[in-house]
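Below: one structure, written as structure tokens.
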There are 2 protein chains.
Amino acid sequence: MKLSTRGRYGLKAMFQLALHYGKGPIPLNVIASQQDLSENYLEQLFSALRKEGLIKSVRGAQGGYMLAKPPEKITVGSVLRVLEGNMAPVECVIDDTVSCDKEESCVTKLVWMKIKDSINSVIDSITLQDMLNEQKNLGK
Amino acid sequence: MKLSTRGRYGLKAMFQLALHYGKGPIPLNVIASQQDLSENYLEQLFSALRKEGLIKSVRGAQGGYMLAKPPEKITVGSVLRVLEGNMAPVECVIDDTVSCDKEESCVTKLVWMKIKDSINSVIDSITLQDMLNEQKNLGK
DNA sequence: AGAATGCCTAGTAATTTAGTTGGGATTACG
DNA sequence: CGTAATCCCAACTAAATTACTAGGCATTCT
């Protein structure tokens, strides 16, 4: 049960934007080369993040990307959900609609729900600002 | 970040074995047909579970599989780790050895560790016996 | 005008997942 | 004793997903 590169690259890139928050846009190629990623691939991730309102872009020369909101308003969960889809371990616990035809009394479903809730409570409780703070502590 | 069918099928099958614990072996084809799965595929999962000592087999006619330990001694975590590998969301937090070349002060790694710890604390706290108990409650 | 950017869609290569096939070994039962 | 029921194992294949790559258009700063 692994995250894909979308979540991994994406969160790291968002953190870069957070480090630069308030100082104007950063072009994609800068982030891509800092992290040694394909610029075109990262672009796809940023496109999704932009459509969901987490970042905004400035087109044209001297353009680039920046956070659409201050780092304390962006949770890790919101980033990961854009890039990875909902963070449920199985389809049947994504939302509350009954999706599992067979079993009304499915015990494994209870397990999957507990896993889902636990993941979500972690990722929704961490903001980019928290990560910035942790970065400072690591430096010391 | 989804579980594969290995974890999903496998846990459900282990639960079936738990329901039958103490009553002799159940043949694979019974479980496979109950859950409408390929017998041969399920066999691969059981082979792994057997090698890890979670279930044991009786060969020959009237043979089958049974739990190797009572349901209260088998955690969901031990089952999922056999079938899905370690349950870390990224490679770099699987064990304590330094695997990430670049960054000593990698903030995203802290996030991944928190996710990992939270998943593991959930799955290690649920046993097959807990699932049996929950089943009873659902019935009421 | 031209260079530096973002925007978009479609293609493709690599990897992983989810099986399938088929033959062998063991054992209960008639 | 022989046959059917079972587990055991390894190799193959098909399908799906992931991770890019390619390339052209749109916008804007200088």
OP1, OP2 of [N] versus side-chain N and O of [X]: anything below 4.0 Å?
X	N	result
B/Ser38	C/dT20	yes
A/Ser4	D/dT17	no
B/Arg50	D/dC8	yes
A/Thr5	D/dT18	no
B/Tyr9	C/dG19	yes

| task | Spell out, yes or no, whether A/Ile55 and A/Tyr21 are grouped together once hydrophobic residues are joined by side-chain heavy atoms under 4.5 Å, including indirect joins. | result |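 A/Ile55 clusters together with A/Tyr21.
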| How many angstroms lie between CE in B/Met66 and CG in B/Leu17, if you round to the nearest 0.5 Å? |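 Between B/Met66 CE and B/Leu17 CG, I get 9.5 Å after rounding to 0.5 Å.
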| query | Could a donor-acceptor pair under 3.5 angstrom be found where the side chain of A/Glu39 meets the base of C/dT5? | reply |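 No such pair is found, so the answer is no.
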| N/O donor-acceptor pair, side chain B/Gln62 with base C/dC29, under 3.5 angstrom |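 Not at all, since no donor on one side and acceptor on the other fall under 3.5 Å apart.
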Of all the choices, [options], which nucleotide is nearest to the side chain of [X] once you look at every atom?
X	options	result
B/Ser57	C/dG19, D/dC7, C/dT27	D/dC7
B/Glu43	C/dG24, C/dT5, D/dC9	D/dC9
B/Tyr41	D/dC7, C/dA18, D/dT28	C/dA18
A/Asn29	C/dT5, C/dC8, C/dT27	C/dT5
A/Ala61	C/dC7, D/dC9, C/dA3	C/dA3
B/Pro27	D/dC9, C/dC8, D/dT6	D/dT6

| said: On DNA chain D, does the nearest nucleotide to B/Gly60 precede the nearest nucleotide to A/Leu3 from the 5' side, or the other way round? Give the residue. | reply: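 Nearest-nucleotide comparison on DNA chain D picks B/Gly60.
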Between [N] ([atom2]) and [X] ([atom1]): distance, integer Å:
X	N	atom1	atom2	result
A/Met66	C/dT5	CE	C1'	13 Å
B/Gln44	D/dC8	CD	P	13 Å
A/Ile55	C/dT5	CD1	C1'	14 Å
B/Asn40	D/dC12	CG	P	17 Å
A/Leu42	D/dT18	CG	P	18 Å
B/Leu45	C/dA18	CG	P	10 Å
B/Met1	D/dT17	CE	P	17 Å
B/Arg59	C/dG24	CZ	P	14 Å

| request: Could you tell me whether A/Lys73 atom NZ has more than 12 heavy atoms of other residues or ligands within 6.0 Å of it? | output: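 No - once you tally the heavy atoms of other residues, nucleotides and ligands closer than 6.0 Å, there are 12 at most.
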| Just checking B/Phe46: base, sugar-phosphate only, or nothing, at a heavy-atom cut-off of under 4.0 Å? |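 Nothing, no nucleic acid heavy atom in range.
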| request: Can you see which heavy atom on B/Trp112 is nearest to which on A/Gly7, and at what distance? | output: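 Heavy-atom minimum between the residues: CH2-O, 4.0 Å.
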| For A/Val122 against B/Lys114, the heavy-atom pair lying closest together |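 Reported closest heavy-atom pair: CG1-CB, 3.9 Å.
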| query | Do A/Gln129 and A/Asn133 have side-chain N/O donor and acceptor atoms under 3.5 Å apart? | reply |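 Note: A/Gln129 and A/Asn133 side chains meet the donor-acceptor criterion.
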